[in-house]
Amino acid sequence: MPNARLKDYIHLHFLVFIAGFTAILGKKITIGASEIVWYRMAIAAILMFLYIKIIRLNIKVPKKVILQFSAAGIIIALHWITFFESIKQSNVSIALAMFSSGAFFASFIEPIFFKRRILVYEILFGLIIIGGVFLITRSELNYLNGIILGLLSALFSTLFAVVNGRFIERHNATVISFYEFISGVLFLSVFIFLSGIEFNTEFFTLSKMDWIYIFILASVCTAYAFIGAVEVMRYISPYTVILSYNLEPIYGIILALMIFPDTEKMSSQFYIGAGLIILTVVMDAILKNKKRRKRKRTSITD
């Protein structure tokens with residue numbers, strides 16, 4: 001891996017900032033959550049296809065693999081729907097705080113997928129996260145629907161990350177994303193149709209600001225952010241990237257307080273709960289990195 005430069009670290013934190021800004025756009029856009037995700041994935045798929053054509057990337061994979069990518073695409077679509085709906089049912093701070101609980105779900109999902117034992121400290125961290133969620137729920141009971149949707153979003157996000165982690169070992173990241181976006185659009189098209197919404201003139205008639213926000217969401221916060229994350233990992237270790245992305249809720253909540261001060265100011269109990277969750281996620285990443293380094297040293301000395 002080439003040595004990281006200052007501009008690589010600045011790029012990484014810009015990507016994390018973009019991730020936090022996604023929630024702000026979710027609140028700004030006035031259409032429903034499923035429609036937001038449909039536009040996001042459709043425009044991102046088009047942009048990704050243009051990128052594939054420019055770099056002349058071969059995207060041919062077996063049909064069985066396409067089906068696997070498609071399943072992951074449905075999972076990420078469900079994650080985004082529940083995430084944006086959580087924002088609409090509550091606010092940005094609630095959605096991001098609940099999104100941080102993904103580490104709790106990962107402590108149970110990862111052992112199943114990777115056939116490893118559940119670690120004691122993961123259970124302890126999971127209990128702390130449950131305590132943080134309890135504090136938030138207790139102080140913000142009027143946002144219960146948003147809290148439940150945020151937890152579902154974290155579950156889908158964790159499941160997607162684990163599944164994608166298996167794909168990335170054998171396939172190109174851009175190819176994976178392209179098929180996931182396509183399958184997500186197809187799934188959402190059926191989902192929206194069954195919801196009683198028609199793909200008519202009204203569906204495609206959005207306000208000027210909604211079009212601007214959706215294009216930023218699909219291009220900068222999705223297509224560019226994904227390609228940028230892949231690029232930055234050429235210079236910065238995956239651990240540093242993952243640890244940095246754990247700052248996403250912090251950036252997002254600070255941005256929300258600045259942009260929506262009237263609706264985002266929460267009780268002190270909320271910030272204690274959110275702080276517990278985010279601190280636990282960071283500690284989990286640090287401990288996992290120490291164990292990884294220890295295993296490397298052991299394998300070298302053997």
Heavy atoms, side chains only, cut-off 4.5 Å: are [X] and [Y] in contact?
{"X": "Leu151", "Y": "Ile147", "answer": "yes"}
{"X": "Phe49", "Y": "Ile54", "answer": "no"}
{"X": "Ile277", "Y": "Ile136", "answer": "yes"}
{"X": "Ile81", "Y": "Leu188", "answer": "yes"}
{"X": "Phe199", "Y": "Phe204", "answer": "yes"}
{"X": "Trp211", "Y": "Ser207", "answer": "no"}
{"X": "Met98", "Y": "Phe83", "answer": "no"}
{"X": "Phe270", "Y": "Ser93", "answer": "yes"}

Just by modelled atom types, is the [Y] backbone N or O under 3.5 Å from a matching donor or acceptor in the [X] side chain?
{"X": "Glu264", "Y": "Val92", "answer": "yes"}
{"X": "Ser86", "Y": "Thr82", "answer": "no"}
{"X": "Ser183", "Y": "Glu180", "answer": "yes"}
{"X": "Ser153", "Y": "His79", "answer": "yes"}

Would you give the length of the straight line joining atom [atom1] of [X] to atom [atom2] of [Y], rounded to the nearest 0.5 angstrom?
{"X": "Glu85", "Y": "Ser34", "atom1": "CD", "atom2": "OG", "answer": "8.0 Å"}
{"X": "Ser70", "Y": "Ile182", "atom1": "OG", "atom2": "CD1", "answer": "9.5 Å"}
{"X": "Met41", "Y": "Ile36", "atom1": "CE", "atom2": "CD1", "answer": "14.0 Å"}
{"X": "Ile76", "Y": "Ser157", "atom1": "CD1", "atom2": "OG", "answer": "6.0 Å"}
{"X": "Asp210", "Y": "Thr30", "atom1": "CG", "atom2": "OG1", "answer": "3.5 Å"}
{"X": "Ile18", "Y": "Tyr251", "atom1": "CD1", "atom2": "OH", "answer": "12.0 Å"}

Between [X] and [Y], what is the shortest heavy-atom contact and its length?
{"X": "Thr22", "Y": "Cys221", "value": "OG1-CB, 3.6 Å"}
{"X": "Glu248", "Y": "Val16", "value": "N-CG1, 3.7 Å"}
{"X": "Arg40", "Y": "Ala218", "value": "O-CB, 3.6 Å"}
{"X": "Ile253", "Y": "Leu96", "value": "N-CD1, 3.7 Å"}
{"X": "Ile87", "Y": "Ala95", "value": "CG1-CB, 3.5 Å"}

Given Phe215, Phe203, Tyr213, the one that forms ring-ring contact (aromatic ring centres under 6.0 Å, His included) with Tyr39: Phe203
Applying the 4.5 Å side-chain criterion to the ILVMFWY set and letting contacts propagate, would [X] and [Y] be lumped into a single cluster?
{"X": "Trp80", "Y": "Leu47", "result": "yes"}
{"X": "Phe99", "Y": "Phe134", "result": "no"}
{"X": "Tyr179", "Y": "Ile43", "result": "yes"}
{"X": "Leu78", "Y": "Phe193", "result": "no"}
{"X": "Leu57", "Y": "Met48", "result": "yes"}

Results of salt bridge (charged side-chain N to carboxylate O under 4.0 Å, His left out) for Glu35 - residues two or more places apart only: none
List for me each residue that meets salt bridge (charged side-chain N to carboxylate O under 4.0 Å, His left out) alongside Lys88, sequence neighbours excluded, and say none if there are none. none
Begin from the C-alpha positions of Gln89 and Tyr143 and carry the test side chain to side chain contact (heavy atoms under 4.5 Å, CB included) through to its verdict. CA-CA 7 Å; Gln89 295 278 343; Tyr143 291 137; over 6 Å; no
Contacts of type ring pair (Phe, Tyr, Trp, His ring centres under 6.0 Å), residue Phe125, not counting sequence neighbours: Tyr121
Regarding Thr263 and Asn91, is there a side-chain donor-to-acceptor distance under 3.5 Å anywhere? no
Kindly determine whether Phe84 and Leu217 satisfy side chain to side chain contact (heavy atoms under 4.5 Å, CB included), including the steps that lead there. CA-CA 12 Å; Phe84 288 125; Leu217 178 66; 4.1 Å; yes
For Tyr271, I'd like to know if atom OH has over 12 heavy atoms of other residues, nucleotides or ligands within 6.0 Å. yes
Before giving the answer on side chain to side chain contact (heavy atoms under 4.5 Å, CB included), spell out for Leu155 and Leu159 the whole-Å C-alpha distance, their side-chain angles and the decisive distance to 0.1 Å. CA-CA 6 Å; Leu155 173 60; Leu159 187 58; 5.5 Å; no
Run the side chain to side chain contact (heavy atoms under 4.5 Å, CB included) check on Leu194 and Val190 step by step: do they pass? CA-CA 6 Å; Leu194 292 176; Val190 175; 3.8 Å; yes
Decide if the gap between the ring center of Phe167 and the ring center of Phe69 is smaller than 6.0 angstrom. yes
